[in-house]
Amino acid sequence: MTNVYITTAIDYPNGPPHIGHSLEKIAADVVARYHRLRGDNTFFCMGLDENSQNVIAAAEASGVSARVWVDRMDEAFRLAWRKVECSYDRFIRTTEPAHFRASQELFRRAQAAGDIYKGNYSGYYCPNCNTFYTAEELTPHGTCPNHPTVKPDWLEEENYFFALSRYTERLTRHVEAHPDFIVPATWRAEILSTLRSGLRDFSVSRPVRNQKLVEGQPWGVPVPDDPEHVIYVWFDALTNYLTAAGFPDEPGRFQDTWPADAHVIGKDITRFHCLYWPAMLLSAGLPLPRSVAVHGFMTLEGQRISKTTGNTIDPVELVDAYGADALRFYLMRDISFERDGDFTRANLIQRYNADLANDLGNLLNRTVSMISRYFEGTVPAPAGELTGPDADVQRLAGAAGRLTAAGLERWDFDAALDGAWQLVRRANQYIDENEPWRLARDPALRPRLATVMYHAAEALRLLGIYLTPFIPTAAGQLRAQLGLPPLAPGAWRPEGGETAWGGLAPGTRVERARPIFPRIEVPG
RNA sequence: CGCGGGGUGGAGCAGUGGCAGCUCGUCAGGCUCAUAACCUGAAGGUCGUAGGUUCGAAUCCUACCCCCGCAACCA
């Protein structure tokens with residue numbers, strides 16, 4: 001059995017989740033569900049990046065302690081991901097003791113490899129941003145570019161650094177030798193370009209004395225054997241992928257789980273996952289992840305999503321309004337994974353009505369209705385000679401499975417769903433060409449009627465498998481109406497799975513037809 | 001000249017040298033099993049701009065314009 005490990009970026013809990021977060025989570029979940037259906041032993045992980053000064057600031061702004069705040073965010077994020085039906089196996093928080101151990105162990109290994117050294121970090125420090133700026137980055141008046149009222153002071157602090165520059169050569173070779181390491185390819189080109197321009201060492205710690213404390217204690221992972229410093233973002237946040245896999249506490253499980261097959265991330269953190277992270281792993285003597293899948297960002301109704309201007313949507317609200325399947329389907333079908341896209345309610349509703357309600361939902365509804373009406377609710381056995389259209393539906397059914405799988409293998413959700421929808425459309429067309437309502441009027445044509453209804457139902461059964469990763473609830477309802485039990489893991493195995501034509505047993509009792517995707521009526 | 005991506009019918013996209021395509025939407029017709037759904041057909045594009053290469057350019061080259069992102073911890 002193949003082990004598959006898929007991660008998503010851990011989110012900053014400086015505010016509740018919004019629609020922008022959910023594209024990545026849903027995309028990763030679709031792929032994770034796909035692998036479970038393929039029979040892979042799948043481990044799917046998501047979580048929160050809690051050890052940040054920004055989190056303390058958010059807590060203070062809300063008038064609660066940092067602990068209370070992160071617990072509250074933890075609940076909010078889990079609720080959102082449950083609502084959109086993310087099937088995570090592990091939800092990791094970087095404040096967990098297990099994660100502290102992982103982070104410190106990775107740091108120690110890098111130290112042992114001679115890649116960690118102490119140096120001075122200096123610049124104009126803006127306490128609001130918690131960021132150092134160069135003189136050129138400040139405004140002409142010497143104020144912070146983000147905070148016009150703040151005049152940053154020159155500050156020098158002692159930091160630990162990681163010797164990223166030593167890895168330029170090895171990273172270049174790795175990226176060049178592994179064309180699938182970064183998908184889509186456009187980001188691979190960008191990373192190679194960055195490598196050509198040379199890498200600089202990066203800071204991996206912050207002195208505790210410059211940090212906000214929580215209950216008198218530093219907030220974050222202490223540097224091993226130097227409690228005056230806490231580990232700064234990279235050796236902390238990125239390490240979550242190891243912690244979740246059992247590093248260093250459960251060597252057996254870690255051995256089976258690591259390396260990750262895919263880190264699913266937003267384009268803003270591409271270089272950290274494609275350069276910093278592999279270098280850290282090389283330093284620690286650990287295998288590198290097999291791929292990094294980079295997605296674009298969404299705008300919301302044409303505007304940049306922004307917590308500060310309030311241009312956000314709560315995914316929970318969308319699920320309550322339209323259902324998880326509608327949201328998942330819309331994001332996968334209408335928003336490009338690779339490029340930036342625009343989220344609009346109007347398009348969501350249009351996609352839902354056109355593809356789910358009209359095409360797929362109605363196909364199921366008319367098929368089940370006719371089986372009820374003409375065959376007393378029992379799937380008939382196909383009979384007589386097969387016609388061209390019959391063969392065509394069977395062929396399209398096979399192609400749909402292959403195209404959907406191929407699309408999912410390369411994070412091309414558009415191609416994946418397009419493959420499935422070729423079958424949806426062909427099946428609707430097939431029913432129209434064969435006019436079962438006309439066949440039903442002539443008892444002599446009953447064998448032909450049986451064949452037609454069988455083909456329609458069997459196409460739907462297969463669609464129910466192929467679409468389960470995208471719309472798990474509706475796919476289950478589809479199966480239920482066809483009289484089938486919930487799908488078992490491994491149902492889509494290439495060998496011994498349930499995707500061969502003819503898997504629907506004649507005699508299966510269908511349920512009463514009920515729309516699984518009621519149309520969303522828009523006023524006006 | 002910091003780096004990268006993008007500009008194709010109303011919307012979203014495909015198309016790396018050979019009649020400009022797909023889905024949605026729009027319009028017309030058909031059907032009546034079905035969720036006013038489904039099926040068939042039609043209209044709609046000087047492929048960002050200006051040059052160039054070529055028998056032939058959305059596609060290759062040059063210049064320019066516009067949008068977005070990264071660099072710079074907003075997913």
Side-chain angles (χ1 to χ4, degrees), chain A residues 8-12 14-15 17-25 49 52-55 129-134 137 145-146 184 186-194 196-197 232-234 237 264-272 295-299 304-309 311-312 333-336 338-342 344 346-347 350-351 353-374 414-415 417-418 421-422 424-440 449 452-453 456 513-521:
Chain A
T8 60
I10 51 174
D11 297 303
Y12 257 130
N14 59 355
H18 59 68
I19 188 66
H21 296 94
S22 51
L23 174 68
E24 168 182 308
K25 309 310 175 207
D49 181 10
S52 158
Q53 295 281 297
N54 292 337
V55 170
C129 303
N130 188 30
T131 300
F132 285 89
Y133 293 100
T134 64
E137 286 168 337
N146 297 324
T186 57
W187 289 103
R188 183 165 180 265
E190 171 136 5
I191 289 299
L192 283 169
S193 153
T194 304
R196 275 192 296 276
S197 67
Y232 182 60
V233 63
W234 311 119
V264 188
I265 60 161
K267 62 183 187 176
D268 55 328
I269 49 178
T270 305
R271 67 175 48 210
F272 308 120
H295 65 80
F297 280 174
M298 272 193 280
T299 49
R304 187 186 174 88
I305 293 175
S306 160
K307 290 172 194 169
T308 46
T309 66
N311 188 45
T312 64
R333 174 78 165 176
D334 227 42
I335 305 289
S336 162
E338 158 172 1
R339 280 188 279 207
D340 291 356
D342 187 36
T344 73
N347 286 347
Q350 189 178 300
R351 263 302 173 192
N353 281 339
D355 288 355
L356 293 180
N358 296 353
D359 285 351
L360 177 63
N362 186 50
L363 173 64
L364 175 70
N365 196 234
R366 66 198 304 211
T367 301
V368 173
S369 287
M370 286 191 279
I371 290 174
S372 295
R373 180 172 304 204
Y374 305 142
D414 206 42
L417 283 170
D418 194 61
W421 249 256
Q422 284 177 32
V424 173
R425 275 191 284 273
R426 187 65 186 91
N428 270 320
Q429 189 188 40
Y430 172 82
I431 290 174
D432 276 67
E433 344 178 280
N434 284 287
E435 300 180 297
W437 48 92
R438 186 188 295 261
L439 298 173
L449 177 63
V452 171
M453 294 321 303
R514 250 170 314 115
I516 58 170
F517 299 111
R519 281 179 62 86
I520 301 171
E521 298 304 336

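Below, read A as the first sequence line, B as the second, and so on, with proteins coming before strands; counting in each chain starts at 1. Just the heavy atoms: all of them, side chains too, but no hydrogens, waters or symmetry mates, feed the values below. All values reported here derive from a predicted model rather than from experimental measurement.
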K.L.:
Run the side chain to side chain contact (heavy atoms under 4.5 Å, CB included) test on Gln422(A) and Asp418(A) for me, step by step, so that the C-alpha distance in whole Å, both residues' side-chain angles and the decisive distance to 0.1 Å come before the verdict.
P.N.:
CA-CA 6 Å; Gln422(A) 284 177 32; Asp418(A) 194 61; 3.4 Å; yes

K.L.:
Using the C1' atom on both, measure U16(B) against A75(B) and round to a whole Å.
P.N.:
33 Å

K.L.:
RNA chain B in dot-bracket, Watson-Crick or G-U pairs under 3.5 Å, [ ] crossing, | other strand?
P.N.:
.(((((((.[[[[.)..(..]]]].(((((.......))))).....[[[[[..)....]]]]])))))).....

K.L.:
How would you summarise protein contacts on nucleotides 30-40 of chain B per nucleotide, using B for base, S for sugar-phosphate only and - for none, with heavy-atom distances below 4.0 Å?
P.N.:
BSSBBB-SBSS

K.L.:
Taking atom CG of Asp355(A) and atom CZ of Arg333(A), what is their separation to the nearest 0.5 Å?
P.N.:
4.5 Å

K.L.:
Mind checking the C1' distance from A34(B) to C39(B)? Whole angstroms is fine.
P.N.:
13 Å

K.L.:
Show, in sequence, the C-alpha distance, side-chain angles and deciding distance for Arg366(A) and Ile431(A), and conclude whether the side chain to side chain contact (heavy atoms under 4.5 Å, CB included) test is met.
P.N.:
CA-CA 9 Å; Arg366(A) 66 198 304 211; Ile431(A) 290 174; 3.6 Å; yes

K.L.:
By the definition side-chain contact (heavy atoms from CB on, under 4.5 Å), identify the one residue from Asn347(A), Ile335(A), Thr299(A) that meets it with Asp342(A).
P.N.:
Thr299(A)

K.L.:
Measure from the side chain of Arg339(A), starting at C-beta and using heavy atoms only, and say which of C68(B), A75(B), G6(B) lies closest.
P.N.:
G6(B)

K.L.:
With side chain to side chain contact (heavy atoms under 4.5 Å, CB included) as the criterion, how do Phe297(A) and Asp268(A) come out once you've worked through the C-alpha distance, each side chain's angles and the decisive distance to 0.1 Å?
P.N.:
CA-CA 9 Å; Phe297(A) 280 174; Asp268(A) 55 328; 3.3 Å; yes

K.L.:
Taking Asp340(A) for its side chain and Gly296(A) for its backbone only, find out whether a donor-acceptor pair lies under 3.5 Å.
P.N.:
no

K.L.:
Rounding to the closest angstrom, what is the interatomic distance between G51(B) and A58(B) at atom P?
P.N.:
15 Å

K.L.:
With Ile516(A), which of Leu364(A), Leu356(A), Asn365(A) fulfils side-chain contact (heavy atoms from CB on, under 4.5 Å)?
P.N.:
Leu364(A)

